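See below for the structure under consideration.
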Amino acid sequence: MEEKKIPEEKTERSLNFIEEIIEEDLRNNVNEGRVHTRFPPEPNGYLHIGHAKSICLNFGLGKKYNGKTNLRFDDTNPVKEDVEYVDSIMEDVRWLGFDWEDRLFYASDYFEQLYEYAIILIRKGKAYVCDMSAEEISETRGTPSRPGKESQSRTRSEEENFDLFNRMRAGEFPDGSRVLRAKIDMASPNMQMRDPVIYRILHATHHRTGDKWCIYPMYDFAHGQSDSIERITHSICTLEFEVHRPLYDWFIREIGIYAPRQIEFARLNVTYTVMSKRKLLELVQEGYVNGWDDPRMPTICGLRRRGFTPGSIRNFADTIGVAKRDNVIDVNLLEFCIREDLNKKSNRIMAVLNPVKVILDNYPDDQIEELESVNNPEDESKGKRKVPFSKTIFIERDDFMEDPPNKFFRLAPGREVRLKAAYIIRCESVVKDPKTDEIAEIHCTYDPQTKSGMPDSNRKVKGTLHWVSEKQAVTAEIRLYDRLFTKENPEDIEEGKTYKDYLNPDSLKVITAMIEPSVKNARISDKYQFERIGYFCVDKDSTPQNLVFNRVVPLKDSWSKAEKVK
RNA sequence: UGUCCCAUGGUGUAAAGGUAGCACAAGAGAUUUUGGUUCUCUCGGUUCAGGUUCGAAUCCUGGUGGGACAACCA
């Protein structure tokens, strides 16, 4: 036999633009070969899939380049932040499979240092206490195309600024009465450079520092310096902070401290959902969903409850890549990632969501057989289980048609189908409800020679159906989730509407299903493939007496797709 | 009458001046005790106009289009 030449395997994946920058820095020995990143959330909300992209990016880079990754909470606004969020964020990062080891930090750890930095600026004549109100500051800032006006306070002496700033800290002034501003350039074409506010007075209790402070640094005055303090080599953030970079560079230069390199990437968007914290909060507060972890939410806790695995989300983050152009990822890709993962990992069981009764007329009345079925055809090590079979079973109502089209491979009068792991049956007649004309019973005969494993069972039949035995079936509540919005881009809003007008009224349907008895062993967060239907996850509301399943995602269904086209 | 960023199949992402590739989606077929999975194949792309070059998705100039920036939010 001739040996085919195996083309050289391209194991090395091409680099994304951030990795290119890092490798270039590494080649130039920029930080003595050190790579140190960080994930810097504000604890004012729950993390979503967009954050997951950032988490995977930052921690992934740390791992890839033998570096480190910090978790730092940017908690400079006590009014909006809370330990509830701190806890959920840590849980989510850990669940995604990442570890910050002993490097858990808070911007509030640096308040004293940041205060010192402000003093340096004041001493250099690069910062001043401004007496204007928020409105006045806003009015004098100008517009992107028109320069702003300088504040009267701009000419204050160094001593007076120093004195006033200390008295701000001492609590002598009410909220909003004064701020500390950087003295840069009110005519700068970059709005960020027009004497930005760097400290404001806020008599508010901070979730970590309590009442120690009544002045708090603005994010812009804390973020870059925090990265500097932590000796972050590559500060990776989203695109909207690109225009802030000159300001961060200015602070670093004027204060005279270590300069990280900031790199901006495009944030994630996914079709049929929204990603802004404000909108997600609204959905929760106004009751459109049942909390932050509602399985329809794009939050990490929502995805977790829905039944997504950490690996599937990591793989998703990997597949979407990272670049600077705006992007909208098809939600299909997310669904592909979870199917791919669960296909290999989850055991199969049979569940009938919309049952219709099938009676096997020639099957012994009281006989019950324990049939064997494979748990996972993708993984033989998962073994087999027993499934009870009897004279009366349920099948899916959709799996029967009285007058079927040619391509219908399922049960119909006179036709044969295989019952998964059981027998081949033939439909002999149907009984209808005289009032509703709905099919009440389907009468079939079974072929005893076709039990799975028997030689005759190899007979070709076009369809295989899942089923459950009536007597042994277990009922369970099933929550069928669908996309939260009906519109691909819910933020593309028509006149007089809001994104909430595109909420999908059918995003949750609750039904009762009949499931094979082995399901009794199911525990919260267990995931199954309901044969021929989809992947399902035991919800936290589930109890042994009242099982509750979430539909993670349906199986691909080329039959119903073909039907829809018609 | 601003500054900055971006532009490759439907979507996302590669190609560092030399064969435009991969994934998802879509379509066709094969296999299948899941109309799943798997496998094979197909469809389909460099925003435009100039320039540099033997050669441009890539470099230059200009246009067009999209985005970010005017919280005492982050």
Side-chain angles (χ1 to χ4, degrees), chain A residues 10 13-16 20 40-42 44-45 74-77 79-81 130 132-135 137-139 141-148 175-181 188-194 196-202 216 218-220 222-223 238-246 264 266 271 277-278 319-330 332-337 339-340 343-344 348 350 373-374 377-378 407-410 417-422 424 450 452-453 457-458 461-466 529-534 554-562:
Chain A
K10 269 199 169 176
R13 272 237 272 128
S14 52
L15 305 177
N16 65 49
E20 299 228 2
E42 183 193 14
N44 72 337
D74 272 340
D75 55 352
T76 54
N77 186 0
V79 186
K80 291 188 174 171
E81 295 149 9
C130 180
M132 290 199 292
S133 67
E135 295 74 49
I137 289 178
S138 164
E139 280 161 18
R141 197 183 312 275
T143 70
S145 54
R146 265 217 304 268
D175 288 5
S177 58
R178 288 189 160 85
V179 292
L180 184 70
R181 287 228 253 172
S188 171
N190 182 344
M191 297 290 290
Q192 314 305 320
M193 303 298 273
R194 320 243 264 228
V197 171
I198 59 180
Y199 261 93
R200 74 290 213 187
I201 301 171
L202 234 41
Y216 291 92
M218 298 291 291
Y219 171 83
D220 279 346
H223 185 79
T238 44
L239 244 29
E240 67 269 29
F241 294 104
E242 205 156 25
V243 284
H244 295 239
R245 179 150 38 92
E264 306 88 4
T271 55
K277 273 191 195 175
R278 199 203 94 228
T319 308
I320 60 178
V322 48
K324 293 193 76 158
R325 74 186 93 127
D326 293 328
N327 62 87
V328 187
I329 306 290
D330 195 328
N332 275 317
L333 183 61
L334 224 204
E335 296 186 346
F336 167 80
C337 289
R339 281 195 194 103
E340 185 186 42
N343 175 50
K344 293 194 207 95
R348 267 110 252 228
M350 292 195 283
S373 191
V374 178
E378 307 291 319
K407 293 284 255 295
F408 188 79
F409 300 157
R410 308 174 187 180
V417 293
R418 182 191 306 281
L419 293 177
K420 173 82 186 177
I424 293 171
T450 60
S452 280
S457 73
N458 292 329
V461 279
K462 278 195 274 186
T464 300
L465 308 186
H466 61 280
Q529 184 197 102
F530 288 1
E531 198 101 25
R532 299 210 303 140
I533 297 180
L555 247 35
K556 279 216 279 184
D557 183 357
S558 47
W559 167 246
S560 75
K561 200 193 288 178

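Proteins get letters first, then strands, A, B, ... in listed order; numbering begins at 1 in each. Source: prediction; values computed, not measured.
- Distances from the side chain of A/N327 to the nucleotides B/G12, B/C24, B/G35 place B/G12 closest.
- Using a 90° window around 0 for the glycosidic torsion, B/A71 falls inside it and is classed as syn.
- Distances shorter than 4.0 Å separate some side-chain N or O of A/R200 from OP1 or OP2 on B/C73.
- Searching all strands for a Watson-Crick or G-U wobble partner of B/A68 with both distances below 3.5 Å returns B/U3.
- Side-chain atoms of A/E242 and base atoms of B/G67 include no donor and acceptor less than 3.5 Å apart.
- Residue side chain A/R146 does not reach the base of B/U1 through any donor-acceptor N/O pair under 3.5 Å, judged by distance alone.
- Taking 4.0 angstrom as the limit, A/R325 places a side-chain polar atom (N or O) nearer than this to OP1 or OP2 of B/U8.
- Contact annotation: the side chain of A/R200 approaches that of A/Y216 to within less than 4.5 Å [non-hydrogen atoms, C-beta and beyond].
- With a 3.5 Å ceiling on both atom-pair distances, the Watson-Crick or G-U wobble partner of B/G12 is B/C22.
- Here A/K462 does not reach the OP1 or OP2 of B/U33: none of its side-chain N or O atoms lies under 4.0 Å away.
- For a distance-only test at 3.5 Å, the side chain of A/Q529 qualifies as a donor-acceptor partner of the base of B/U34.
- Taking atom C1' on both B/U46 and B/C41, the two are 25 Å apart, rounded to the nearest angstrom.
- At a threshold of 4.0 angstrom between heavy atoms, the contacts of A/F336 are confined to the sugar-phosphate backbone, with no base atom among them.
- As judged by a 4.0 angstrom heavy-atom cut-off over every strand, A/V322 is placed among residues touching the sugar-phosphate backbone only.
- With hydrogens and angles ignored, a donor-acceptor pair closer than 3.5 Å exists between the side chain of A/R410 and the base of B/G35.
- Remark: B/G50 base-pairs with B/C60. Criterion, Watson-Crick or G-U wobble with two distances under 3.5 Å.
- Looking at heavy-atom distances under 4.0 Å, A/V197 makes contact with sugar-phosphate atoms alone, never a base.
- Side-chain N/O atoms of A/R532 include one lying less than 4.0 angstrom from OP1 or OP2 on B/G35.
- Note on A/G453: a base of the nucleic acid sits closer than 4.0 angstrom, heavy atoms only.
- Listed candidates were B/G35, B/C69, B/C73. Nearest to the side chain of A/T464 is B/G35.
- Comparing A/A422 and A/S133, the nucleotide of RNA chain B nearest to each residue sits closer to the 5' end for A/A422.
- Side-chain contact between A/I137 and A/R181: present, with at least one pair of heavy atoms (C-beta onward) separated by less than 4.5 Å.
- When heavy atoms are screened at a 4.0 angstrom cut-off, A/S558 is found touching the sugar-phosphate backbone but no base atom.
- Ranked by how close their nearest RNA chain B nucleotide is to the 5' end, A/E20 and A/P377 are led by A/E20.
- Between A/F408 and A/W559, the ring centre distance stays below 6.0 Å.
- The aromatic rings of A/F241 and A/H223 lie parallel to each other, their planes meeting at an angle below 30°, with 60° marking the opposite boundary.
- Within 4.0 Å (heavy atoms only), A/H223 reaches no atom of the nucleic acid at all.
- Of the side-chain N and O atoms in A/S14, none sit less than 4.0 angstrom from OP1 or OP2 of B/C22.
- Candidate nucleotides B/U34, B/G67, B/G12 were compared by shortest atom distance to the side chain of A/D326, and B/G67 ranks first.
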